[in-house]
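Note that the coordinates shown come from a computational prediction; the quantities given were computed from them, not determined experimentally. Starting from 1, each residue takes its place in the sequence as its number.
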Amino acid sequence: MPIHPELSNMLIENLKEFGAGPGGRVFIGPHGGLMTDRAYLKVFHEARAQAFEPPEARSQLMEVPYALRHAAVSTWLNAGVPAPQVAEWAGHSVDVLLRVYAKCIYGQQSEAMRRIWDATR
């Protein structure tokens, strides 16, 4: 999955300093076990409140972590990243990806027509 280089560097530095958790996990639950959705959401909501102004923190995009994932996948598709690549990054099959996200792809008709035109010259 693509990750911003700055975030990648932070993660690498954190792993160098603190190492991985049990079983090589990067994220562990509060008691050292698996990270549950309940523990994750608690951290997500606390971080959201600290990182954003109140109107931003209340936006639908920040309601649940899945909304951020959905926005990322939609953005990749609308940027013209091929569906098989997006499916791999998102952990979907292409079939599931297109069934769930096909309605999010829009505004690419001109670019598609240009590509067809270029390919047939």
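- Heavy-atom neighbours of R114 CZ from other residues, nucleotides or ligands within 6.0 Å: above the threshold of 12.
- Open room surrounds CD on E53; 12 or fewer heavy atoms of other groups in view lie less than 6.0 Å from it.
- Of all the heavy atoms in P65 and L41, the pair that sits closest is CD-CD2, 3.5 Å.
- Going from atom CE of M113 over to atom CG of D118 covers 11.5 Å, rounded to the nearest 0.5 Å.
- Remark: R25 engages no residue in a salt bridge (Lys or Arg N to Asp or Glu O under 4.0 Å) (not counting sequence neighbours).
- Looking at P30 and T36, their side chains never come closer than 4.5 Å, going by heavy atoms from C-beta outward.
- Residue pairs meeting the ring pair (Phe, Tyr, Trp, His ring centres under 6.0 Å) criterion with at least one member in residues 22-46, sequence neighbours excluded, do not occur.
- Counting only heavy atoms from C-beta outward, the side chains of E111 and R115 approach each other to under 4.5 Å.
- When every heavy atom of Y101 is checked against every heavy atom of S74, the shortest pair comes out as CD2-OG, 3.8 Å.
- The two residues L97 and A87 come nearest to each other via the heavy atoms CD2-N, 3.9 Å.
- Side-chain heavy atoms closer than 4.5 Å link hydrophobic residues (I, L, V, M, F, W, Y) into clusters, and following such links, even through other members, never connects I28 to V26.
- Linking ILVMFWY side-chain heavy atoms closer than 4.5 Å, directly or via other members, places W76 and V100 in a single hydrophobic cluster.
- There is a path of hydrophobic side-chain contacts, each under 4.5 Å, that joins L15 to M35.
- Under a cut-off of 6.0 angstrom, the local environment of CD in E6 is sparse, with at most 12 non-hydrogen atoms contributed by other residues, nucleotides or ligands.
- Checked against side chain to side chain contact (heavy atoms under 4.5 Å, CB included), F18 has the following partners two or more places apart in sequence or in another chain: N14.
- In this structure, V94 and P84 approach most closely via the heavy-atom pair CG2-CA, 3.7 Å.
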